[in-house]
Protein chains: 2
Amino acid sequence: MATTTAAQQRELAKGRYDAFLAACPSRQLFERLSDKWVGLVLCALGGGAAGPGVEASGAPRPLRYSELARALAGVSPKMLTQTLRSLERDGLVARTVTATVPVTVTYEATELGLSLHAMVRGMKSWAEDHMDDVLAARAEHDAGDRPGSAP
Amino acid sequence: MATTTAAQQRELAKGRYDAFLAACPSRQLFERLSDKWVGLVLCALGGGAAGPGVEASGAPRPLRYSELARALAGVSPKMLTQTLRSLERDGLVARTVTATVPVTVTYEATELGLSLHAMVRGMKSWAEDHMDDVLAARAEHDAGDRPGSAP
DNA sequence: CAGTATCCAGCTAGATACTG
DNA sequence: CAGTATCTAGCTGGATACTG
């Protein structure tokens, strides 16, 4: 066991990592978090998933592999597994196998994963809430921005 | 002019977009936001940049192209320009050209960009603050997790 | 159900060199 | 200073097919 607590470690870590630096490990971590599937998986496991059989309850609950696949429309088995494995390795997601027939596997966000959920969910909500603003900005930009070119 | 205000538009947009759906425009927007350079640029323009000549003031201020290039260590001119152009098009960043010799170009986050800043900054801070936790989780995972395989 | 394995098209993004 | 242009290695990730 370490002689310092997790809280102390985190305190010491303040300022030790900087994602702006290319060589800093936190840069790689930031890049991993900046992945659409990572974001969507975390949103789903944080309680943001909806769909047939998966209501948007708002409360985090374990989801089965197939539920995740349904929630993240368009995800391939390969990417889903790959994403889940990386999240599991990083301690953000816990994988639980139940020996039924056929086998049941559930995934749920760990405490660490949950601590990230607010931000990721915020990003997703932001994208949904400001879609129209962005669409408008694009239209204005693509139109040429100059008054003279407006009809 | 539209007959509805931006606030009303946003109100109406509630529930109209869902990034979980592959075909939803907000999914593409979410994917764009889930880009390391987008995240880092937004962090820098939100006042999170530090370095030689660029102190981490915490207050958002316009940055020049070269300041951004220095802040985002390792970014290539191509990616920086590409990222800035896409952010400009989406109305998240404003580009200002001042006719000096040589020409001075500054970028700053728009109100829309600033509204996203909290989340992105949160992600970057999270990565820095929890780097040790993730490192520990990886070590444990890679060791095999099982007590029997520990030395 | 919950993956794994394989193949490959295509996009990404870095390196590099050049310009108004 | 602030880009633009070009080339390409290689990684990403989708399609597809198969398995315990």
Side-chain angles (χ1 to χ4, degrees), chain A residues 19-23 27-28 30-41 44-45 49 51-54 62-89 93-108, chain B residues 19-23 27-28 30-41 44-45 49 51-54 62-89 93-108:
Chain A
F20 277 132
L21 305 175
R27 170 73 151 268
Q28 269 78 50
F30 184 76
E31 289 178 21
R32 280 222 164 273
L33 300 181
S34 296
D35 177 87
K36 60 173 171 175
W37 298 126
V38 166
L40 291 175
V41 163
L45 293 180
V54 184
L63 291 180
R64 301 176 61 165
Y65 182 89
S66 50
E67 287 179 312
L68 277 168
R70 224 171 303 126
L72 312 196
V75 69
S76 62
K78 177 185 169 180
M79 288 315 296
L80 184 54
T81 300
Q82 193 171 298
T83 302
L84 288 167
R85 291 284 184 273
S86 96
L87 289 174
E88 192 192 356
R89 188 171 106 96
V93 159
R95 180 175 180 266
T96 308
V97 181
T98 310
T100 52
V101 276
V103 65
T104 305
V105 182
T106 61
Y107 295 88
E108 67 185 311
Chain B
F20 277 132
L21 305 176
R27 167 69 89 75
Q28 268 78 51
F30 184 77
E31 289 179 20
R32 279 219 164 277
L33 300 181
S34 297
D35 176 88
K36 60 172 171 177
W37 298 126
V38 166
L40 291 174
V41 163
L45 292 180
V54 183
L63 291 179
R64 302 176 60 167
Y65 183 89
S66 51
E67 287 180 312
L68 277 169
R70 224 170 304 124
L72 312 197
V75 69
S76 63
K78 177 186 169 180
M79 288 315 295
L80 183 54
T81 300
Q82 194 170 296
T83 302
L84 287 168
R85 292 281 184 275
S86 96
L87 289 174
E88 192 192 356
R89 188 171 107 95
V93 158
R95 179 176 182 265
T96 308
V97 180
T98 310
T100 51
V101 278
V103 66
T104 305
V105 182
T106 60
Y107 294 88
E108 67 184 310

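Throughout, protein chains are lettered first and strands after them, A, B, ... in sequence-line order, and every chain is numbered starting at 1. Just the heavy atoms: all of them, side chains too, but no hydrogens, waters or symmetry mates, feed the values below.
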*Provide, to the nearest angstrom, the distance between the CG atom belonging to B:L84 and the P atom belonging to C:dA13.*
14 Å
*Could you give the CD-to-C1' distance, from B:E31 to D:dG14, as a whole number of Å?*
13 Å
*Which of these nucleotides, C:dA2, D:dG14, D:dG3, is closest to any side-chain atom of A:M79?*
D:dG14
*Which listed nucleotide (C:dG14, D:dT4, C:dG3) is nearest to the side chain of B:K36?*
C:dG14
*Select one nucleotide: of C:dG14, D:dA2, D:dT4, the one nearest the side-chain heavy atoms of B:P77.*
D:dT4
*What closest approach, in Å, do B:L21 and A:A73 show between heavy atoms, and which atom pair accounts for it?*
CA-CB, 4.2 Å
*May I ask you to verify if any side-chain N or O of A:S76 is less than 4.0 angstrom from the OP1 or OP2 atom of D:dG13?*
no
*B:W37 has an atom CH2; how far is it from atom C1' of C:dG14, in whole Å?*
10 Å
*What is the distance from CD of B:Q82 to P of D:dT4, rounded to the nearest Å?*
11 Å
_Interatomic distance, A:D35 CG vs C:dA13 C1' [rounded to whole Å]_ = 16 Å
*Could you tell me which non-hydrogen atom of A:T106 sits nearest to which non-hydrogen atom of A:R64, and how far apart they are?*
CG2-CG, 3.9 Å
*Quick one: closest heavy-atom pair of B:V41 and B:L87, and the distance?*
CG1-CD1, 3.6 Å
*Just name whichever nucleotide pairs with C:dG20, Watson-Crick or G-U, keeping both distances under 3.5 Å, else none.*
D:dC1
*Between A:V103 and A:K78, just flag the one whose closest nucleotide in DNA chain C comes earlier from the 5' side.*
A:V103
_How many whole angstroms separate atom CG of B:L63 from atom P of D:dC1?_
15 Å
*Take the protein atom CD of B:E67 and the nucleotide atom P of D:dC1, then report the distance between them rounded to whole Å.*
11 Å
*Considering non-hydrogen atoms only, spot the tightest contact between A:L80 and A:V75 and give its length.*
N-CG2, 3.8 Å
_Atom pair distance, as rounded to whole Å: CZ in A:R64 and C1' in C:dC1_ = 7 Å
